[in-house]
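Beneath this line is the structure, given in structure tokens, with notes to follow.
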Amino acid sequence: MKSVVIAEPGQLAIKERELPQPAAGEVRVKIRYASICGSDIHIWHGHNPFARYPRVIGHEFFGAIDAVGEGVDPGRVGERVAVDPVVSCGHCYPCSVGKPNVCTSLQVIGVHRDGGFSEYACAPAGNAYVVPAAIPDKLASLIEPFTIAANITAYLKPTPADVALIYGAGPMGLTAIQVLKGVYDVSTVIVVDRIEERLALARANGADNVLNNSATPLAEQLDGLRPTLIIDAACHPSILPEAVALASPAARIGLLGFSGDPCTITQQSLTSKEISLFTSRLNSKRFPAVIDWMASGAIAPEKLVTHYFPLAQVEEAMTLFESDPRRCCKVILDIQ
Ligand SMILES: [Zn+2]
Ligand SMILES: [Zn+2]
């Protein structure tokens, strides 16, 4: 089978590899589509602290089960499935409180183990979720990126009365807009970014108001409006202090970033307004919710997609994704 292998940081190649056999409790998926994410780029360039090399990248993928390991119902062969990349032990403390995404022995498919930029991949049977016919093949790899928004919003508990502010109109910001509007019916969703084309995409994804903070500070443009719910999907360490300053008393702030750089905030700035801070990593069993939203039309994954490329052009696709944020949002690989 053909797989996209990062042999070591900086070295991306399509390689011929042996067809993997599903272990006990696993399924093998013949992959149809896989989408490119910023973290794939980070692994390519050696900027992901968790990645081990050589690695087949890709954690957003969809296909059909073509073989099962010992103990898995052979009736599952042929199922159209989206694969949750979060592989957890099921019995440690975080797993026991419903947070397998921070399992003490967490393995992420496409990061710690081989992923979906490949003609086939194996995964635990419980990670392969059936995709209903209402979701077309060519959009089903986008279930995973929406689970990021599903996870953070599950903590933030949005209501229609919220005034939401989202930092960043990249793929994470856009999925958050769609979930806030389409699932939680939030009345006002404001999006801030520095790229005009991305703000246009934010509008197309349902933002009520978009603000460009490349020249004028955000505080000036908000003109006293106090967001009650803030999501940092731009993930720069300078954002949290600003978000805390702008937030309404009793606001909730959700962080998705993974920067190792410090940011400075005072206890007073948080406590005086009793601000709640939530962090969110990957997803904790949010595939069923996102599949329901997508199948019912509450969210519209096609609004994120700008390009399809055949697997053979993976390097071109990843280079475009990385270098052209004005024209690129989700880029999807057509595997076979
Ligand atoms: Zn991703
Ligand atoms: Zn665990």
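Hydrogens, waters and symmetry mates play no part in the numbers below; they use all other heavy atoms, side chains included. Counting starts at 1 for both ligands and their atoms, in listed order.
Contact annotation: the side chain of Arg286 never approaches that of Trp293 to less than 4.5 Å [non-hydrogen atoms, C-beta and beyond].
Seen from the Zn ion (ligand 2), atom SG on Cys103 and atom SG on Cys89 lie at an angle near 110° (rounded to 10 degrees).
Taking 2.8 Å as the criterion, Cys95 counts as a coordinating residue of the Zn ion (ligand 2), since one of its N, O or S atoms falls below it. Note on Glu144: not counted as a metal contact of the Zn ion (ligand 1), no N/O/S atom lying under 2.8 Å.
Considering just the N/O/S atoms of Glu60, the one nearest the Zn ion (ligand 1) carries the name OE2.
For the 3.5 Å distance criterion, the side chains of Thr188 and Asp208 fail to qualify, holding no donor opposite an acceptor. Checked by atom type, the side-chain pair Ser187/Asp162 shows no donor-acceptor distance below 3.5 Å.
Salt-bridge formation is detected for the pair Lys330/Glu60: a Lys NZ or Arg NE/NH1/NH2 atom is positioned less than 4.0 Å from an Asp or Glu carboxylate oxygen.
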